[in-house]
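Note that the structure is predicted; figures quoted are calculated from it, not measured.
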Amino acid sequence: MALILKGAVKLYYYLNEEIADKRTQDWPLISSPWPGLALLILYLFVVLKWLPNYMKNRPAFDLRGVIAVYNAFQIVFCAYVVYYSLTLGWLNHYSLLCHPVDYEAHSIEYAWKVCFGYFAIKLIDLLDTVFFVLRKKQNQVSFLHVYHHFGMVAVAWGVVKWVPGGHITMLVTVNSFVHIIMYAYYLLTTLDDSFKKSIWWKKYVTQIQIIQFSLLLAHFMALALASDCPFPRVPAYILIPQNLFMVILFCDFYYRAYIKPNRITKRK
């Protein structure tokens, strides 16, 4: 037992200190995994137990105004991250096939404006679930929804902690761009109920999500297969199954939401 504990402590020190990017260690929530993990555990208790129990015998909240402001904020914040990710990296000197983490002094701007900005967005995204529960839409608090939000916070934290730049940040750019489209759709549905009845809008938003995860899957497979890329392979080994899982989950949702009902209707 003592040997196992000693190995666990050694592994923790290795992950949290030795291989961490020293430039980001003093940033909020980054120096240790425990504050971020505590937030995620709190999120699970709030959206799966405490808030549903609180709302059980209460009417749904009307959050139309709050959600409209929230969606507009998300569009602006995601656009900010996409802009800096492109101008400081992906439209400048980053390579699609392999780009190492840039440890030059000027790259700290990319790490802060893009990587930490993305991490902040993923934390704010957790409010999506809170709004669902307060509006008594517990059916939308699905495994896919909660898993996706929980997992993206963890991934974004890891980006800032270990690799704030380089190959992995294609995820930041693509995902933030997709969220601009997604929150624009949500904003429209908040301002005008008629958009909620336009099912083709929802269908294409889901298709964009599937395309996103498929592109990222290919991007990280390219990293895993590259023979001489100096970017660490471990993120690829983690994110390949993660993105494959998301492709499967979103495809399953797409089939159940849009394809299966049409087949049943045609049979009738």
Side-chain angles (χ1 to χ4, degrees), residues 40 43-44 46-49 51-52 55-56 60-64 66-68 70-75 78 121-122 124-156 171 173-220 239-268:
L40 287 176
Y43 162 73
L44 293 179
V46 167
V47 302
L48 297 179
K49 186 175 182 180
L51 263 188
M55 293 299 298
K56 187 175 182 179
F61 283 90
D62 182 4
L63 301 175
R64 185 183 295 267
V66 173
I67 293 175
Y70 169 77
N71 290 334
F73 173 82
Q74 284 278 16
I75 293 168
C78 287
I121 288 175
K122 296 302 106 180
I124 296 169
D125 282 352
L126 299 180
L127 289 174
D128 288 351
T129 324
V130 174
F131 293 149
F132 281 150
V133 180
L134 291 176
R135 294 165 65 208
K136 302 200 79 167
K137 295 182 179 292
Q138 197 67 29
N139 63 305
Q140 293 184 308
V141 186
S142 63
F143 171 78
L144 171 59
H145 175 89
V146 175
Y147 172 80
H148 178 58
H149 279 65
F150 186 102
M152 291 310 295
V153 171
V155 168
L171 179 154
T173 315
V174 172
N175 187 246
S176 297
F177 177 75
V178 168
H179 275 66
I180 293 172
I181 299 172
M182 187 179 73
Y183 282 108
Y185 167 72
Y186 292 158
L187 180 60
L188 288 174
T189 59
T190 302
L191 299 176
D192 188 343
D193 286 337
S194 64
F195 282 102
K196 293 181 181 179
K197 300 176 183 178
S198 302
I199 195 168
W200 68 273
W201 273 79
K202 293 174 66 176
K203 181 171 75 171
Y204 286 119
V205 170
T206 307
Q207 287 180 0
I208 290 170
Q209 292 274 31
I210 294 171
I211 292 170
Q212 167 196 204
F213 290 115
S214 299
L215 287 174
L216 293 174
L217 177 61
H219 186 64
F220 291 118
L239 290 170
I240 286 173
Q242 160 74 6
N243 280 278
L244 179 59
F245 189 39
M246 294 308 299
V247 170
I248 293 170
L249 288 177
F250 271 90
C251 285
D252 177 66
F253 169 79
Y254 186 85
Y255 174 78
R256 289 185 289 105
Y258 305 114
I259 297 177
K260 188 177 180 179
N262 290 337
R263 289 183 174 179
I264 294 173
T265 303
K266 288 178 180 179
R267 288 174 185 172
K268 293 180 179 180

Worksheet item: What heavy-atom pair brings Thr190 and Arg64 nearest, and what distance separates the two atoms?
Response: O-NH1, 2.6 Å
Worksheet, complete the sentence: One should read off an interatomic distance between Met246 CE and Cys251 SG, to the nearest 0.5 angstrom, of 11.0 Å
Item to complete: Verify side-chain contact (heavy atoms from CB on, under 4.5 Å) between Val130 and Leu126, making sure each step is shown before the conclusion.
Response: CA-CA 7 Å; Val130 174; Leu126 299 180; 6.0 Å; no
Practice prompt. Rounded to the nearest 0.5 Å, what's the gap from CG on Asp252 to CD1 on Ile210? Could you check?
Written response: 10.0 Å
Worksheet item: What's the shortest heavy-atom distance between Val146 and Leu48, and which atoms?
Response: CG2-CD2, 4.4 Å
Worksheet item: Which pair of non-hydrogen atoms, one from Gln209 and one from Val178, has the smallest distance, and what is that distance?
Response: OE1-CG1, 3.8 Å
Worksheet entry | Atom of Ser176, atom of Cys78 and distance for their closest heavy-atom approach | O-CB, 3.6 Å
Fill in: For the student: nearest non-hydrogen atoms of Phe61 and Arg135, plus distance
O-CG, 3.7 Å
Worksheet item: Between the side chains of Thr129 and His149, is a donor N or O closer than 3.5 angstrom to an acceptor N or O?
Response: no
Practice prompt. Go through the steps for Tyr43 and Phe150 under the test ring-ring contact (aromatic ring centres under 6.0 Å, His included), then give the verdict.
Written response: CA-CA 8 Å; Tyr43 162 73; Phe150 186 102; 7.3 Å; no
Item to complete: Could you go through the side-chain contact (heavy atoms from CB on, under 4.5 Å) check for Ile121 and His179 one step at a time?
Response: CA-CA 10 Å; Ile121 288 175; His179 275 66; 5.7 Å; no
Item to complete: Supply the atom-to-atom distance Leu127 CG to Phe73 CZ, rounded to the nearest 0.5 angstrom.
Response: 10.0 Å
Discussion item. Which label fits Tyr183 and Tyr186: parallel for a plane angle under 30°, tilted from 30 to 60°, or perpendicular past 60°?
Written reply: perpendicular
Worksheet item: Taking all atoms of both residues into account, what is the closest heavy-atom pair of Leu171 and Leu216, and its distance?
Response: CA-CD2, 3.5 Å
Worksheet, complete the sentence: Rounded to the nearest 0.5 angstrom, the CE-OG1 distance for Met182 and Thr206 is 10.5 Å
Worksheet item: In Å, rounded to the nearest 0.5 Å, how long is the span from CD1 of Ile67 to CG of Leu134?
Response: 8.5 Å
Worksheet item: Using the ring of each side chain (for Trp, its six-membered ring), is Tyr70 parallel, tilted or perpendicular to Phe131, with breaks at 30° and 60°?
Response: perpendicular
Worksheet item: What do the steps show when you test Phe132 against His145 for side-chain contact (heavy atoms from CB on, under 4.5 Å), and what is the final call?
Response: CA-CA 11 Å; Phe132 281 150; His145 175 89; 3.4 Å; yes
Discussion item. Are the side chains of Asn243 and His219 in contact, using a 4.5 Å heavy-atom criterion?
Written reply: no
Worksheet item: Are His148 and Phe213 near enough that their ring centres are under 6.0 Å apart?
Response: yes
Discussion item. I'd like to check the salt bridge (charged side-chain N to carboxylate O under 4.0 Å, His left out) partners of Asp125; sequence neighbours left out, ordered by chain and number.
Written reply: Lys122
Worksheet item: Got Gln242 and Phe220 here, is their nearest side-chain heavy-atom distance under 4.5 Å?
Response: no
Response to the item:
Sorted by chain and number, sequence neighbours left out, side chain to side chain donor-acceptor pair (under 3.5 Å) with Thr173 holds for Ser85
Worksheet item: Do Ile181 and Tyr185 touch side chain to side chain, with heavy atoms closer than 4.5 Å?
Response: no
Practice prompt. Give, for atom OG of Ser142 and atom OH of Tyr147, the distance between the pair rounded to the nearest 0.5 Å.
Written response: 13.0 Å
